[in-house]
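Step one of this worksheet: look at the structure below.
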Amino acid sequence: SSLLGSRIVFSSPTWHCSSRAAAGAAALAARPMAAPPRLPCVWLLCWCLSLPVASAIAIGRSQPSDSQVLPVDFLHGVASGDPLSDAVVIWTRATPRGLVGPPTFPDGVMVATTGVNLIWEVWPEEAGAAPNRSGSVVAKEERDFTVKVDVTSLQFGVPYAFRFRDGVVSSPVGHFRLPPPGGDALASLRYAIFSCSSWQWGSFAAYAHAAQQKLDFWVHLGDYIYESGGEAMLDSYEAMKRSPTQPTHELLSLADYRERHTQYRTDPDLQSLAGAAPMIPIWDDHEVTNNDWMHGAESHAASQDGDFEARKNAAMRAYHEWMPTRHSAAPDAPLMRWRDFQFGDLAQLLVLETRLLARTQRPALEGEHMRELLVGAVAAAQGGGVLPAPTEWGGSALEGKFKELKTMAEKSRWQENSRLLGFEQLTWISEKVANASARGVRWNLLAQQLRQPLASPNFEEALHRAQMSSDEGVRSRSGIWDSAWANATTAHLGQASYLKDSLRPSIPSPDENQRHDISPQMRTWALAALAAGRYGINTDFEGWDGYLAERQRFVDALSQGGASGAGKMVVYGGDSHNAWAGLVRGHAGKVVAHEFDGMSVTSRGEEYHTPWLPSDLRNAAWVAANKDLAWADTQHRGYMLVSLSHEAHKVSYLAVDTTLPGTTGKSMCLATFVSVEGQDAFRKETC
């Protein structure tokens, strides 16, 4: 018993229990559930004798090896990820006590040249089961004391538990269940999809809510962290106030990115989901910096920020250190290619990369610049503070300017040499889709970072449709919409008031009777938005909207091998912070996929930029401008929950209150859509 109370350090990087004695001894120290069985002393003796004598180091003694006995805590939870039919990556971070600032300790041991030896254990969750897979791994400073183990030889369909320990302190217990290999029978899946989780914008309550959903896995489509620094960006009336980001400045170095990942992993809501089911992640731009591409970024200035390649590699190295990814490249070449996951005969999931491997620099005409041109055209047309009324734009010089901007925008959007996925990845998509069809896989699922391309919202058409609607509820709303829009776009550019819909995407109903001033700048913007919708001028070039030729190549890839068709192909997207559901059409208008793009975990969307408009008017304006967009929500934060069977794909958009942590706030289902084979359009169902 005294031996089991000691901490043993193994200099070998991994070891496996190969005897009954080793398994029994591990069970004695590791059982998280029922009390461990009493084992005969001879088992313990056999176990001790089976260990290499030279590998045992007493507590507190300094040894010239690559590992040291250092007291640790598991402050950042555990995670599993990249699930295969027989393997999964498990992750944790062992934080040496007193690790604040430079990694040194009172006894003079430099952590940079040592490590902490941990034991990892995996066991079936059935009653009485003992760990049947275990080993040791060294948590080293060179990987920020994070460890990952690719555990193999596991059985699919078995609920497993896992944990790490250092002999005295144990990590929280995590859970996972693996899918069957491609082609084997699988009846159903349940998973969640997230994107855009900014520390500064509120709580990660969406993670806590999803942790209660008994998921098979969860996907994060990027912007898992944000690189900007500073205080929390919440309104003063909100219940939850985040601590400032760590570090407080913008991330540039490896130490910076590590510190931000460290802060994120302290969040209890994130920890609860990370330990509940395997994660399948891919990055977007903010894991490095805003609007990045292969060789640079909109928000990176070499004169100020240094070499972009060095920054990118530092960010990706920290990403893989802190995420449960199956990644084996050298630390100085940390990019990860696109990858696929098989779920029996039910589905395959293709996880695409649209940022750092093939994306070319954005077109010279950027969305922000186009918005400035529109606003400038409106401002220049005023005379004595009065603009021509929108009803008088027809045939005017102002209309001519708008049409000129439309031509300019379309030329920029359809550049043939603009790339997002690249030839190699497009070829891989085509082959994977065709192969899945040949194998009889029921669903092709594609997870990528971007929202479907959409035309600018048409507010005039939305108002017209509402006024002519046969739905009495919609017609009654049209009066409020008309009042708000007319007030925002009146020809005089002075101050006026508007009805407050909600400045925050929280669940409580907004107070539509509260009025606020509209500035001349807001009014000019509203008229520019009216023009963008009326004349079809796109003001977003950062996502698929700015790479339309590449989008067409992507849709063509989905059509390969006869696997395309309504109800068989589903695309997921994120990035925009809002929620969208639409159809993907190929040549001759054929529907080849259904696309569902999810809202952010916390990051603000349309409601932040146009708080002077009712949210349902914004939604209706987007739908009115896009014939293949069936639904939009520009107000809420949350995630997508998917239930998949051979018969149907069912996705629910779940909204959560980001002003409160955990599950203490309100939540609601915004909409549910069901896709079935043979039907071009998905149907909306009651939540």
Side-chain angles (χ1 to χ4, degrees), residues 187-196 205-219 221 273 277 343 346-347 349 442-447 451-452 454 471 473-474 505-507 509 566-574 576-584 591 593-601 605 615-616 618-620 622-623 626 628-658 663 665-687:
S188 63
L189 282 171
R190 186 174 175 85
Y191 52 97
I193 301 173
F194 302 86
S195 63
C196 305
Y207 293 149
H209 191 275
Q212 299 181 332
Q213 299 294 332
K214 298 182 179 179
L215 303 176
D216 292 299
F217 63 93
W218 58 290
V219 178
L221 297 176
L273 180 57
F343 298 93
L346 180 60
L349 173 66
R442 176 64 184 83
W443 296 94
N444 276 288
L445 312 172
L446 294 99
R451 184 209 69 190
Q452 55 201 285
L454 297 173
D471 187 318
V474 173
S506 54
I507 298 301
S509 299
K568 298 186 70 174
M569 187 89 63
V570 178
V571 179
Y572 304 118
S576 74
H577 306 173
N578 297 120
W580 320 87
L583 306 177
V584 180
V591 175
H594 296 167
E595 179 157 351
F596 303 102
D597 305 323
M599 66 279 259
S600 63
V601 173
S615 59
D616 51 357
R618 281 195 304 268
N619 302 340
W622 282 101
V623 173
N626 296 276
D628 289 327
L629 183 66
W631 176 85
D633 178 85
T634 59
Q635 182 72 5
H636 297 93
R637 311 281 73 83
Y639 67 102
M640 295 186 290
L641 179 65
V642 181
S643 298
L644 187 68
S645 68
H646 284 265
E647 293 73 33
H649 172 282
K650 180 178 179 180
V651 57
S652 295
Y653 290 82
L654 302 180
V656 300
D657 187 348
T658 59
T663 57
K666 295 180 181 179
S667 62
M668 63 183 293
C669 178
L670 301 176
T672 294
F673 300 100
V674 177
S675 304
V676 296
E677 185 174 5
Q679 295 185 8
D680 279 355
F682 44 79
R683 67 177 185 267
K684 188 175 182 180
E685 289 192 350
T686 303
C687 287

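The nearest pair of heavy atoms linking W443 to A648 is CZ2-C, 3.6 Å. Closest approach of L221 and G574 over heavy atoms only: CD1-N, 3.8 Å. The minimum heavy-atom distance linking T672 with C687 is given by the pair OG1-SG, 3.5 Å.
In the model, H636 has no side-chain atom that pairs as donor or acceptor with a side-chain atom of Y653 under 3.5 Å. Side-chain contact, R618 with T634: a donor N or O sits under 3.5 Å from an acceptor N or O.
Annotation: the span from R637 atom CZ to H577 atom NE2 amounts to 8.0 Å, rounded to 0.5 Å. For the atom pair CH2 (W631) and NZ (K684), the distance works out to 7.5 Å, reported to the nearest 0.5 Å. Distance check, rounded to the nearest 0.5 Å: CG of L654 to CD of Q213 gives 6.5 Å. One distance of note links CG of N444 with CE of M569; it measures 4.5 Å at 0.5 Å rounding. Here the straight-line distance linking atom CZ of F673 with atom NZ of K650 works out to 12.5 Å at 0.5 Å rounding. Taking CZ of R442 as the reference point, atom CG of L346 lies at 8.5 Å (rounded to 0.5 Å).
Between W622 and W580, the angle of the ring planes goes over 60°, which puts this pair in the perpendicular group of the 30/60° scheme. Ring planes of F217 and Y191: parallel class, angle under 30° (limits at 30 and 60°).
Two residues are said to be in side-chain contact when any heavy atoms from C-beta on lie closer than 4.5 Å; N619 and Q635 fail this criterion. In this structure the side chain of I193 never reaches within 4.5 angstrom of the side chain of V651, judged on heavy atoms.
A search for side chain to side chain contact (heavy atoms under 4.5 Å, CB included) contacts involving D216 returns R177, L189, R190, not counting sequence neighbours.
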